[in-house]
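This structure is a prediction, so every number in the text was calculated from the model and none was measured. Proteins get letters first, then strands, A, B, ... in listed order; numbering begins at 1 in each.
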Amino acid sequence: MKSQLKIVFFGTPQFVVPVLEKLAENFQVVGVVTAPDQKAGRKQLLTPSPVKLASQGQAWEANVLTPQKLDPTLAEQLTKIHPDLFVVAAYGKIIPQNILDIPKFGALNIHYSLLPKYRGASPIQEALLNGDKVSGTSIIKMDAKLDHGPIVSTKEIRLSESDNFESLNTIMTKETIPLLLKTIPDFMTGKIKLQVQDDTMATYCSIIKKEDGFFDINNSPPLEKLDRMIRAYYPWPTAWTKWPFDKAQGKNNKIVKLLPQNMVQIEGKKPVKLEEFLRGYPDFPIKTLAV
RNA sequence: CGCGGGGUAGAGCAGCGGUAGCUCGUGGGGCUCAUAAUCCCAAGGUCGUUGGUUCGAAUCCAACCCCCGCAA
């Protein structure tokens, strides 16, 4: 039985596509807002966001919006659609209050941490960097402040020593989808009592930059920290360093990435096990990644 | 025409004009109570493809195919 609830979905990256798909199976997705096309790939071709690509051929294809700015024009477009609810998942921009006010039931946001902990753009990475044993996923009713609105529902997720950003992200999404599908009807009918976040407990994390993954090969961090970086920053930006290796004419600096599962990748080459890497590059200073 | 790295034995690499080499793995053998330890021997490569230059090319030139990093 498909609900007649009209939803507009806000999201951009690949990992959020399953959320959109499941929403579409259970509700009326009447529009999607996602990031504008960007140059990507080695050829620098203009590429639509994964969410936009996933919208091709779908019922809401005509209402895929890719605004540069969340301005009155967008508000007008959204108003025309007459949505009942927004669902926001890794959209990438802060949505102003006047837009959040458009749907009659407001906007829900999914966030991959146990709020108010790790508000911001990199909750999974932050949990991995801190070596947390438990994290989780939260659904909140959005307000204009960053990840600040009252909590609608949450679910704890236990982390393992081998989780990396990619794997944990997949787990989070998998756990969040059923929670979201269950939460939406309960939220609409007012069955759920919203829980205001305790701002005094809030912590924040900012968007990951490429340099965050860098470490000095001559002064590399303790193995435990390195291991956390490797897992938190995989597959991007990865824990990486610059390493000078001998070449016929002088020394050359190459980027070397450390990947989960004891894998190493030097610029221009495929990932290999550290053990194999060392056979070809016996001078590489890191001899083990075992914690 | 965004920038750059690379394609050489099963794997990771060196060689960069004169009949292919290192580490590891593999096979056989020795030493051991024994061994992922150690020693000896062996197998295994049309050096990405196609042309060109040369007495001679993995090594130089051209084109093409494939892989990858930056960037976004």
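Taking both residues in full, the closest heavy atoms of R228(A) and L129(A) are given as CD-O, 3.1 Å, listed atom of the first, atom of the second, then distance.
Computed from coordinates, the K43(A) NZ to C1(B) C1' distance equals 9 Å when rounded to whole Å. Atom CD in E276(A) sits about 9 Å away from atom C1' in C24(B), given to the nearest Å. M263(A) places its CE atom 10 Å from the P atom of G12(B), with the value rounded to the nearest Å. The interatomic distance linking K269(A) (NZ) with C13(B) (P) rounds to 4 Å, in whole Å. L259(A) places its CG atom 12 Å from the C1' atom of C68(B), with the value rounded to the nearest Å. When rounded to the nearest whole Å, the span between CZ of F277(A) and P of G6(B) equals 14 Å. A36(B) atom P lies 15 Å from atom CD of E275(A), rounded to whole Å. Atom-to-atom, CD of E267(A) to P of C13(B) comes out at 14 Å; the value is rounded to the nearest Å.
Among the heavy atoms of the strands lying under 4.0 Å from K210(A) are primed sugar atoms or P, OP1, OP2 only; no base atom is included. Within the nucleic acid shown, K270(A) comes within 4.0 Å of sugar-phosphate atoms alone, with no base atom in reach, counting heavy atoms only.
The distance from the OG1 atom of T137(A) to the CD1 atom of I157(A) is 6.0 Å, given to the nearest 0.5 Å.
By the 6.0 Å and 45° rule, K210(A) stacks over the aromatic ring of W240(A).
For the P atom pair drawn from U54(B) and C39(B), the interatomic distance equals 50 Å after rounding to whole Å. The P atoms of A71(B) and G28(B) are separated by 49 Å, rounded to the nearest whole Å. Taking the P atoms as reference points, C24(B) lies 9 Å from U38(B), given to the whole Å. Taking atom C1' in both U50(B) and G12(B), one finds a spacing of 29 Å when rounded to whole Å. As rounded to the nearest Å, G21(B) and G44(B) have C1' atoms that lie 14 Å from one another. Between G6(B) and U49(B), the two C1' atoms lie 16 Å apart (nearest whole Å). Comparing G52(B) with G5(B), their P atoms sit 28 Å apart, to the nearest whole Å. Using C1' as the reference atom, C16(B) and C3(B) are 25 Å apart when rounded to the nearest Å.
Across every strand in view, U50(B) sits in a pair with A62(B) that passes the Watson-Crick or G-U test at under 3.5 angstrom. Within the shown strands, U26(B) is the pairing partner of A42(B) under the Watson-Crick or G-U definition, both distances less than 3.5 Å. Checking A14(B) for Watson-Crick or G-U wobble geometry (two distances, each under 3.5 Å) identifies no partner in any strand. U19(B) is unpaired under the criterion used here, namely a Watson-Crick or G-U wobble arrangement in which both key atom distances are under 3.5 Å. With both pairing distances under 3.5 Å, C33(B) is matched to nothing as a Watson-Crick or G-U wobble pair.
In this structure, P237(A) and L278(A) both approach RNA chain B, and ranking their closest nucleotides by distance from the 5' end singles out L278(A).
No side-chain donor-acceptor contact under 3.5 Å links T154(A) and S138(A).
Considering only side-chain N and O atoms, K257(A) lies under 4.0 angstrom from the phosphate OP1 or OP2 of C70(B).
The R279(A) side chain lies nearest to A11(B) when the options are G69(B), A71(B), A11(B). Distance from the side chain of A40(A) is smallest to A72(B) among C67(B), A72(B), A71(B).
For S206(A), the side chain to side chain donor-acceptor pair (under 3.5 Å) test picks out no residue, with sequence neighbours left out. Residues passing the side-chain contact (heavy atoms from CB on, under 4.5 Å) test with A35(A) are T12(A), sequence neighbours excluded.
If you check distances only, the side chain of R42(A) does reach the base of G69(B) with a donor-acceptor pair under 3.5 Å.
Here F86(A) and F10(A) bring their ring centres to under 6.0 angstrom of each other.
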